[in-house]
Q: 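So that we are looking at the same thing, I have put the structure below in structure tokens.
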Protein chains: 2
Amino acid sequence: MYVHTKLVLSLTRIDFHFWIYLSVMKKKITIKDIAKVANVSIGTVDRVIHKRGKVSEKALLKVNAALEELNYKANPLARSLKNNVIYTIAILIPDPEKDLYWLPCRKGIEEVISEYEAFDVDISVHFFDPSKPTSFVQKGMELIAMCPNAFLFVPLFERESDRLLEALNQRDIIKATFNSLPRNHVDQHVGQDLYLSGRVGAKLIYDFVRPASKIAIIHIDEAFNNAIHMQQKEEGFKSFFKEMSPGHEIHTKIVDTEQIRQTLSDFIQENQITMFFVTTSKTYEVARTLESLDMAGTVVGYDLLPDNLSYLKKGRIQFLIHQAPGLQASLSLKSLVEKLLFDKESPKKQLLPIEIINSENVESYP
Amino acid sequence: MYVHTKLVLSLTRIDFHFWIYLSVMKKKITIKDIAKVANVSIGTVDRVIHKRGKVSEKALLKVNAALEELNYKANPLARSLKNNVIYTIAILIPDPEKDLYWLPCRKGIEEVISEYEAFDVDISVHFFDPSKPTSFVQKGMELIAMCPNAFLFVPLFERESDRLLEALNQRDIIKATFNSLPRNHVDQHVGQDLYLSGRVGAKLIYDFVRPASKIAIIHIDEAFNNAIHMQQKEEGFKSFFKEMSPGHEIHTKIVDTEQIRQTLSDFIQENQITMFFVTTSKTYEVARTLESLDMAGTVVGYDLLPDNLSYLKKGRIQFLIHQAPGLQASLSLKSLVEKLLFDKESPKKQLLPIEIINSENVESYP
DNA sequence: TAAAAAAATGTGTACGTACACACTAAATTA
DNA sequence: TAATTTAGTGTGTACGTACACATTTTTTTA
């Protein structure tokens, strides 16, 4: 990749420092170097590299040999500069105003946007209402119609996501998703293993379990049918207990956000539950209910929302599992940008670590 | 930053699609655009941007106005291309052959190297013997003498690191460190808050504590004097217990790697310790000792070494705190590369999250 | 007021890649 | 053998920035 610059100098005193300087210098291999070594013009080298024919067999051999020998790598900067195209990336995420969970996600995206402000990419963020699948499809279709080079979205709804993907297939748009569940035929997905996530929750609770402890899985959401992610967490959770403590009974409760406090309160008192695995970011609801009932309990749930954090510090939530929505968003966006600008390859499916948060290490998260 | 390209076209059928295409297209602002708007030559614009004078007040005003109005951002690609310099980065880390802990660190660096293979950076990795401070200084001095553009190292030893930093100050070399402890006057440091890290360990153990439990902090290392990081963890640990359970006695034991098993075994039996916070990656030594004594115990320690992982899965280690040496290394190297290539700014001090690992979420770590 | 000096401005070229176009040499046809 | 086609090759220019140098304009001096 590099060659030491050869040089022949009559070493006067002044030249001497120059020589030291140059002897350390390294030089990148360019097509010009290849052309020189293969004894052809840069045009021929270029034709070989891009395989657009019109090259004699003899020249082809020589150029390929030189390419190999000097280990040529095209300069991505020059390439990108010449390319002179502005790539567009459209992003569709749930409205953070409607659900606070998505706030870090927007923040992460905005950071990446300003990071690449000076580059030839045009990134735009759009929101849908997480409680309205139709808003998701509508906004999505609008964006797809504008034919961006890449479309990055949160596949919150199963069927609706597949509809968008179908539309994307018609056009030549890179398909990328993050968070929630990976769909088929997506070019790139960044997320977490939700089944494993459930097992992690189970292990955290298991460490506190006594034979008599009553355990419940709580799902808090308005659109449970579409949210398979909660089901996957439940499966993971149960699989762990099946292995470690097969006899232990585990209650499951789906709670609507309407009259949530009363429902929860009733459920807890009726069944005398003391250990809770909450599958969504609304974990604070359980902590709050326990607090109002003045009951002790072990609560493990999801995400670093302000309300969750305050209960974590008060000791009413023992652990939170961090889904890092911001990181997921920024990672997937970065991958897209670098793929477009420098055609850097990135893994098709990237599962981020499942991070365990307690009252202490929470301080180390931004 | 962008302008919609204006165009006036007589719309024949063929032109129509062309028009649609162009009307969506955006164009980056270049110095050429600025020159046009300010009604001067690009040379003048260039002089304004680089503040090298020889510009009339009138022109300066016009150019600055245009710069402001169009929100000009120099194209980092073109700039870097023109720059045409190969930057060198020298890296000095402990030899992974001598201490397995550093293996992911080397791996992380190698990944970044191949990631930027095609760019104008020349990154070289060098090793020192972590048990020999002199080897650290010697290798370090050699590298500094070669005058790289940046020098990235692990400040494992206090005094010796400061000696290197002094040498670096003589020359115009960017000073970067990761892992261990941040030193003064470094341009960039990536690490973890070790005091907080100790508190996290304390909290993890605290959740299991019964009034009668005997707790010990175990330091396993050969050169404790130089390793302030272990002291910081101890302080953090104790501070937590002082707050939460002031009366609880906490033993502290420094163990040399020589005759380690015997020493540990004796210590544990004599004091009837059941809960252990091990401040280094050699946590497996404690787990192994407990296993051989056939004693139950709670062990919290550091890092995902193979031996630690196997005891974690066996249940003989409850939690590991992940210091992510690989991530620290790759993050700091990336920052350096991007600073040199695109002069992207990065925070002077970056503290990574303290990650808690148990037998389940360990699967989600690479 | 002309000449000289200083200040301001514009032009040209390079970085490395990519591609259009012009060109030369060999192969085919009339 | 000349005219034409075709294969193979080389040259020139653009991308956006940065800087050296040439040129123009203004100011100062004689």
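Just so it is clear: chains get the letters A, B, ... in the order the sequence lines come, proteins before strands, and each one is counted from 1. All values below come from the heavy atoms of this structure, side chains included, with hydrogens, waters and symmetry mates left out.
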Q: Name the closest nucleotide to the Ser41(B) side chain, picking from dT17(D), dT9(D), dT9(C).
A: dT9(C)

Q: Between Ser80(B) and dC15(C), is there a side-chain N or O to OP1/OP2 distance below 4.0 Å?
A: no

Q: Below 4.0 angstrom from OP1 or OP2 of dT9(D), is there any side-chain N or O of Ser56(A)?
A: yes

Q: On DNA chain C, compare the nucleotides closest to Gly53(B) and Ala78(B); which residue's is nearer the 5' end?
A: Gly53(B)

Q: Specify the separation, in whole Å, of atom CG of Leu77(A) and atom P of dC15(D).
A: 18 Å

Q: Taking NZ from Lys54(A) and C1' from dG10(D), how many angstroms apart are they, rounded to a whole number?
A: 14 Å

Q: Sort and list the pairs that fulfil side-chain hydrogen bond (donor to acceptor under 3.5 Å, both in side chains) and have at least one residue in residues 146-155 of chain A, not counting sequence neighbours.
A: Thr88(A)-Asn149(A)

Q: Please give, in whole Å, the distance from dA7(D) C1' to Leu60(A) CG?
A: 14 Å

Q: Whether the side chain of Asp33(A) engages the backbone of Thr30(A) through a donor-acceptor N/O pair (distance < 3.5 Å, no angle test) should be reported.
A: yes

Q: How close or far is atom P of dG10(C) from atom NZ of Lys32(B), stated in whole angstroms?
A: 15 Å

Q: Nearest 0.5 Å, please: how far is OH in Tyr116(B) from CD1 in Ile89(B)?
A: 10.0 Å

Q: For Asp33(B) and dC15(D), give me the distance from atom CG to atom C1', rounded to whole Å.
A: 13 Å

Q: Just how far, in rounded Å, is P of dT17(D) from CG of Leu81(A)?
A: 9 Å

Q: Is the number of heavy atoms from other residues, nucleotides or ligands under 6.0 Å of Lys344(A) NZ greater than 12?
A: yes

Q: I want to check one thing: is the phosphate of dG10(D), taken as OP1 and OP2, less than 4.0 Å away from some side-chain N or O of Thr44(A)?
A: yes

Q: Under a plain distance cut-off of 3.5 Å, with no hydrogens placed, do Gln138(A) and Glu142(A) share a side-chain donor-acceptor pair?
A: yes

Q: Output one letter per nucleotide in nucleotides 18-27 of chain D: B when a protein non-hydrogen atom lies under 4.0 Å from the base, S when only the sugar-phosphate is that close, - when neither is.
A: BB--------

Q: Provide, to the nearest angstrom, the distance between the NZ atom belonging to Lys36(A) and the P atom belonging to dG16(C).
A: 11 Å

Q: Between the side chain of Ser80(A) and the main-chain N/O of Leu77(A), is any donor-acceptor distance below 3.5 Å?
A: no

Q: Round to the nearest Å and state the distance from Asp343(A) atom CG to dT17(C) atom P.
A: 14 Å

Q: Give the ring-plane orientation class for Phe342(B) versus Phe342(A), where under 30° counts as parallel, over 60° as perpendicular and anything between as tilted.
A: parallel

